Number of protein chains: 2
Amino acid sequence: MKSSEKSYHHGDLRRSLLKVAFEMLGEEAGWQFTMRELARRAGVTHAAPYKHFESKADLLAELAVEGFVRLTAALVATQHDGHASPREGFVTMCKAYVAFGGNNINLYRLMWSGDARASGNPRVLAHANAAFAVLLDRITRGQHSGWLASRNPAGQAVACWTQLHGLTLLSADGLLESLTANAIDVAIAELLDGLQAPRS
Amino acid sequence: MKSSEKSYHHGDLRRSLLKVAFEMLGEEAGWQFTMRELARRAGVTHAAPYKHFESKADLLAELAVEGFVRLTAALVATQHDGHASPREGFVTMCKAYVAFGGNNINLYRLMWSGDARASGNPRVLAHANAAFAVLLDRITRGQHSGWLASRNPAGQAVACWTQLHGLTLLSADGLLESLTANAIDVAIAELLDGLQAPRS
DNA sequence: ACCTGAACACCGTTCAAGT
DNA sequence: ACCTGAACACCGTTCAAGT
């Protein structure tokens, strides 16, 4: 934060590496950047990152954790707006999920890449579950307040999560635009119809 | 087909390479096999595959095309069984989709990998659309026969596709089992409830 | 305490040369 | 016509050595 741009890198190389990694994820090139490129951009030798991360998978796990934190925040941020209806509020959250993926597609793919989980870092799974918990909480409250059909909330949350995950990925792959207009809105509407329908 | 096992590889190296690649995809190691490992297993030098495939992406595209062909066949195969109800028939197709992904997870991931589409081979997209067309066709017919709510069939098909895609991936990642029992069945039921519900 | 230089065992891809 | 051998420009990772 103190900005020592152009210094020789002292204690905060770890933080610098994460920052540069997020910058690279923001570019076009996909999430499979190389450790050597990361080191190059951070201005250090390719061996230096290994003093701060055990392996590439370890670095990816850190990025994935931060990704889930940001996704969770994006979902939570939709909770207290004044929505026209409970359903509208929920739809807003769903759109925020898909928008997060669309705006951070390299990070989103990294979060689910398997390479991140392969690190063995349990925080990846824990933070994925934390994001899921936001969906589950909203659904549980929706059932209590009566606008969602009452059945196992976890089942509804899983249906919601899988729908949003698939929608995010296929949308980012550019496969939906040619199939129908407003694919995201339509798919979310079908999801909500299902969650509201009685008699599972 | 003539089986010249143990020969020196003549004209059918291309076919051999594809066969070995599918075998590797059937193993545990993920879909990111190396061209050199493929060549090794096929018993040739690592330069030989490049006489039959322009690049690794080109090879992956061929595998992806065949994957979509197989997925399409798996979906079509569920069409003429005697089902207890139209909805049951549709649910069977949905389960076949998820089961295909679960039983061929490396191939399924490859099909959506981007590396395959990056080859520029238009057959990948064409065959992906062919698989989608099966969903669309069943939904259109379901609307005509009246058991599905009548609205834009493409929108419903997109909702179905994205749900099954997300469900397949998250299920394969092992992320659903701990959340609820019968996650696949439950998510498919929510999907169908949505597709059947009037008033989108 | 933190980074560098050189090394190891790999990649994808190319291309002259062999059969 | 089809494959090999050697090469090029890369990787992730390690480790003795420098500052």
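Excluded from the calculations below are hydrogen atoms, water molecules and symmetry mates; all remaining heavy atoms, backbone and side chain alike, are included. Throughout, protein chains are lettered first and strands after them, A, B, ... in sequence-line order, and every chain is numbered starting at 1. Keep in mind the model is a prediction, meaning the values are calculated, not measured.
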Tabulate protein N/O versus nucleotide N/O from nucleotides 16-19 of chain D, keeping only pairs under 3.5 Å, one per line.
none

Check your understanding: Going by number, which of residues 106-119 of chain B have a non-hydrogen atom under 4.0 Å from DNA chain C?
Key -> none
Practice item. Could I get the full list of salt bridge (Lys or Arg N to Asp or Glu O under 4.0 Å) partners for Glu54(A), not counting sequence neighbours? Key: none
Review point. Taking NZ, NE, NH1 and NH2 as the nitrogens, is one of them in Glu190(B) or Arg151(A) under 4.0 Å from a carboxylate oxygen of the other?
Key: yes
Review point. Taking all atoms of both residues into account, what is the closest heavy-atom pair of Cys94(A) and Leu192(A), and its distance?
Key: SG-CD2, 4.5 Å
Check your understanding: Hey, is Asp173(A) close enough to Arg109(A) for a salt bridge, meaning N to O under 4.0 Å?
Key -> yes
Check your understanding: What about the rings of His127(B) and Phe132(B), do their centers lie closer together than 6.0 Å?
Key -> no
Study note, to complete from the structure: Heavy-atom nearest pair, Ala61(B) first then Ser119(B), reads CB-OG, 3.2 Å
**Study point:** Closest non-hydrogen atom pair between Ala42(B) and Leu17(B), with its separation
**Key:** CB-CD2, 3.8 Å
Between protein and nucleic acid, restricted to nucleotides 9-12 of chain C and to nitrogen or oxygen atoms under 3.5 Å apart, what atom pairs and distances do you find?
{"residue": "dC11(C)", "atom": "OP1", "partner": "Arg40(B)", "partner atom": "NH2", "Å": "3.3"}
{"residue": "dC11(C)", "atom": "OP2", "partner": "Arg40(B)", "partner atom": "NH2", "Å": "2.8"}
{"residue": "dG12(C)", "atom": "OP1", "partner": "Met35(B)", "partner atom": "N", "Å": "2.8"}
{"residue": "dG12(C)", "atom": "OP1", "partner": "Lys56(B)", "partner atom": "NZ", "Å": "3.3"}
{"residue": "dG12(C)", "atom": "OP2", "partner": "Met35(B)", "partner atom": "N", "Å": "3.1"}
{"residue": "dG12(C)", "atom": "OP2", "partner": "Arg36(B)", "partner atom": "N", "Å": "3.1"}
{"residue": "dG12(C)", "atom": "N7", "partner": "Arg36(B)", "partner atom": "NH1", "Å": "2.4"}
{"residue": "dG12(C)", "atom": "O6", "partner": "Arg36(B)", "partner atom": "NH1", "Å": "2.9"}

Check your understanding: Pairing of DNA chain D as dot-bracket, 5' to 3': ( ) intra-strand, [ ] crossing, | other strand, . unpaired, with Watson-Crick or G-U pairs under 3.5 Å?
Key -> ||.|||||...|||||.||
Check your understanding: Are Trp112(A) and Trp112(B) near enough that their ring centres are under 6.0 Å apart?
Key -> no
Point to revise | Nearest atoms (heavy-atom pairs only) where Ala39(B) meets Pro49(B) | key: CB-CG, 3.8 Å
**Study point:** Side chains of Leu107(B) and Phe100(B) in contact at under 4.5 Å (non-hydrogen atoms)
**Key:** yes
Practice item. For the residue pair Gln143(A) and Gln156(A), confirm or rule out a side-chain donor-acceptor distance under 3.5 Å. Key: yes
Review point. In terms of side-chain geometry, is the basic nitrogen of Lys19(A) or Asp12(A) positioned less than 4.0 Å from the acidic oxygen of its partner?
Key: no
Practice item. Tell me which nucleotide among dG5(D), dC3(C), dC3(D) gets nearest to the side chain of Ala48(A). Key: dC3(C)
Review point. Nearest-Å distance, CZ (Arg15(B)) to C1' (dC2(D))?
Key: 16 Å
Exercise for review: Could you name each residue pair satisfying ring pair (Phe, Tyr, Trp, His ring centres under 6.0 Å) that touches residues 69-96 of chain A, not counting sequence neighbours?
Suggested key: Phe90(A)-Trp147(A)
